[in-house]
There are 2 protein chains.
Amino acid sequence: MNIGEAARQSGLPAKTIRYYEDIDLVVPRRGGNGYRSYSPTDVHKLQFVQRARGLGFSVQNCRTLLSLYEDENRASADVKAIAEGHLAEIEAKIEELKALRHTLKHLVDNCHGDHRPHCPIIDGLAGPEH
Amino acid sequence: MNIGEAARQSGLPAKTIRYYEDIDLVVPRRGGNGYRSYSPTDVHKLQFVQRARGLGFSVQNCRTLLSLYEDENRASADVKAIAEGHLAEIEAKIEELKALRHTLKHLVDNCHGDHRPHCPIIDGLAGPEH
DNA sequence: TATAAAGGTTCCAGTTACTGGAAGGTCAAG
DNA sequence: CTTGACCTTCCAGTAACTGGAACCTTTATA
C-alpha cells in the first residue's frame with residue numbers, strides 16, 4: 001500500500017513516516033513508479049512506533065523496542081529495562097515540574113496583577129539581593 | 001567585565017551568553033580588543049534570564065519578562081499573565097506525564113522481566129488486536 | 001624577551017523529532 | 001486531455017543551546 005494508506009492505518013502523518021524511513025526505522029520496499037510500498041508488517045511496525053512514541057519513548061528507544069518486538073528470542077527483561085528506565089525519567093520529570101509549579105505558584109499568588117508596577121514575580125526573578 | 005566573569009556571576013555558560021547576544025536578548029558593548037564587555041546591568045539581566053529559564057520560561061517569555069523588568073511603568077498584571085500561562089502549561093504537562101506514568105507502570109508491573117520472550121509491554125505497544 | 005596558558009573571537013555543525021513548502025512526477029476519473 | 005489527488009525529493013526551520021575548529025589577545029612565568 002502507498003504511504004497515504006499507511007498513514008491512515010498507523011495514525012502517523014505521511015511526513016513522519018518518510019522521516020522514519022530516512023532514519024532507517026521503518027523502511028518499505030519501492031514500487032516500479034518509485035512510490036513507497038508498505039506491507040502489513042511495515043504498518044504494524046509503524047503502529048508500534050506510534051504507540052511507543054505516544055508513551056514518550058524516544059526514537060532511539062523505539063528502535064530498540066522495535067528490534068525486540070521482532071526478535072522471537074528476546075528476553076522480556078530487556079524490554080522491561082527500557083520501560084523502567086523511561087518510567088524513571090518520567091517520574092523525575094514530574095518531580096521537577098512539581099517543584100517548578102510550587103515556586104511559580106508562590107510568586108503568582110503573591111502578585112496583585114493590577115496596573116501598578118510592583119511585582120513579586122519580577123522581584124523573585126531578579127534575585128534575593130535586589 | 002569579560003564574558004568569563006559574567007558567566008561566573010550569572011551562572012550561565014559563556015556559550016549560552018554568546019547565544020543570548022546572538023538572539024538579541026542581552027547585548028553587551030564591545031571593548032577595543034573586540035571582547036564583549038558586560039556592565040553590572042547586563043549581568044543583572046543575565047541573572048534574571050538564568051532564573052526565568054530555570055523556572056522553565058521560554059526564551060520568548062524571558063524576552064518579554066526582561067522588557068517588563070526594565071519597564072518602570074509596567075503593570076504587574078502583564079507579568080502575572082505570563083506567569084499564569086506558564087503555570088498552566090506546567091500543570092498540563094504534569095497531568096500528561098502522570099497519565100503516561102500510569103499506563104507505563106501498568107505495563108511494567110505486568111512484565112515478568114525474565115529470559116523468556118513473552119512480554120506484556122511489547123504486547124501493549126503492538127496494539128489490542130495482535 | 002620568549003613563550004605558554006588562559007581566555008577571548010567567529011563560524012559551522014549537530015542535537016530531537018519532526019514539519020512546512022516548493023518543484024515536479026504519477027495515476028484514476030470524467 | 002485535463003483536473004485533482006497523491007506521490008516524489010530536497011531544502012529550510014523549529015528550541016535552545018552545545019561542541020569544536022581555527023585563530024587572536026592578555027597575562028604570567030622562565
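Note: hydrogens, waters and symmetry copies are ignored here, and every other heavy atom, side chains too, is used. Naming: A, B, ... by sequence-line order, numbering from 1 per chain.
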Undergrad: Please name the pair of heavy atoms, one in A:Tyr20 and one in A:Leu12, separated by the smallest distance, quoted to 0.1 Å.
TA: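 Smallest interatomic distance, heavy atoms only, reads CE1-CD1, 3.8 Å.
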Undergrad: Please list, in numerical order, the residues of residues 14-35 of chain B that have a heavy atom closer than 4.0 Å to any atom of DNA chain C.
TA: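 Heavy-atom cutoff 4.0 Å gives B:Lys15, B:Arg18, B:Arg30, B:Gly34, B:Tyr35.
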Undergrad: If we ignore hydrogens and angles and just use 3.5 Å, is the side chain of B:Ser76 paired with the main-chain N or O of A:Cys119 as donor and acceptor?
TA: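 The answer is no, because no donor-acceptor pair under 3.5 Å joins these two groups.
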Undergrad: For A:Leu46 and A:Ala6, work out which heavy atoms get closest and say how close.
TA: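 For A:Leu46 versus A:Ala6, the nearest heavy atoms are CD1-CB, 4.3 Å.
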Undergrad: Do B:Lys93 and A:Glu96 meet the salt-bridge criterion of a basic N to acidic O distance under 4.0 Å?
TA: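 No salt bridge links A:Glu96 with B:Lys93.
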Undergrad: For A:Leu87, is there any backbone N or O sitting under 3.5 Å from a side-chain donor or acceptor partner on B:Arg101?
TA: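 Not at all, since once roles are kept as given, no pair shorter than 3.5 Å links the two residues.
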Undergrad: Does any pair with a residue in residues 1-19 of chain A pass side chain to side chain donor-acceptor pair (under 3.5 Å), and if so which ones, sequence neighbours excluded?
TA: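 For residues 1-19 of chain A, and leaving out neighbouring residues, the side chain to side chain donor-acceptor pair (under 3.5 Å) pairs sorted by first residue read A:Glu5-A:Arg8, A:Glu5-A:Gln9.
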Undergrad: Send over the distance from A:Phe57 CZ to C:dA17 C1', rounded to a whole Å.
TA: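 Atom CZ in A:Phe57 sits about 17 Å away from atom C1' in C:dA17.
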Undergrad: Taking the side chain as every heavy atom from C-beta outward, state whether B:Val49 and B:Leu65 have any atom pair closer than 4.5 Å.
TA: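 Counting from C-beta outward, B:Val49 and B:Leu65 never come under 4.5 Å.
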Undergrad: Have B:Asn61 and B:Thr64 got a donor and an acceptor in their side chains that come within less than 3.5 Å?
TA: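 Short answer, no.
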Undergrad: Taking only N and O in the side chain of B:Arg36, is any of them less than 4.0 Å away from OP1 or OP2 of C:dT10?
TA: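 Indeed, a polar side-chain atom of B:Arg36 lies that close.
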Undergrad: Under 4.0 Å from any heavy atom of chain B: name the first and the last nucleotide of DNA chain D that qualifies, 5' to 3'.
TA: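 Taking any atom under 4.0 Å from a heavy atom of chain B, the span is D:dA16 to D:dT26.
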Undergrad: State which residues pass ring pair (Phe, Tyr, Trp, His ring centres under 6.0 Å) with B:Phe57; sequence neighbours excluded, sorted by chain then number.
TA: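 Expected list: B:His86.
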Undergrad: Rounded off to whole Å, could you give me the OH-to-C1' distance for the B:Tyr38 and C:dG7 pair?
TA: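 My rounded result for the distance is 14 Å.
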Undergrad: Could you state the CD-C1' distance from A:Gln60 to C:dC18, rounded to the nearest angstrom?
TA: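 Interatomic distance, CD of A:Gln60 to C1' of C:dC18: 16 Å.
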Undergrad: Scan nucleotides 13-15 of chain C against the protein and return all N/O pairs shorter than 3.5 Å with their distances rounded to 0.1 Å.
TA:
none

Undergrad: List in numerical order all residues of residues 83-94 of chain B for which some heavy atom is under 4.0 Å away from an atom belonging to DNA chain C.
TA: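 Hits under 4.0 Å, by residue number: none.
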Undergrad: Does atom CZ (B:Arg29) have a neighbourhood of more than 12 heavy atoms from anything else shown, all under 6.0 Å?
TA: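 12 or below, so no.
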Undergrad: Can you name the closest pair of heavy atoms from B:Cys111 and B:Pro120 and give their distance?
TA: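 Nearest heavy atoms, B:Cys111 then B:Pro120: CA-CD, 3.7 Å.
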Undergrad: Can you see which heavy atom on A:Val79 is nearest to which on A:Leu68, and at what distance?
TA: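 Heavy-atom minimum between the residues: CG2-CD1, 3.7 Å.
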Undergrad: Which atom pair, heavy atoms only, marks the closest approach of B:Asp42 to B:Pro28?
TA: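 Here B:Asp42 and B:Pro28 meet closest at OD2-CA, 3.8 Å.
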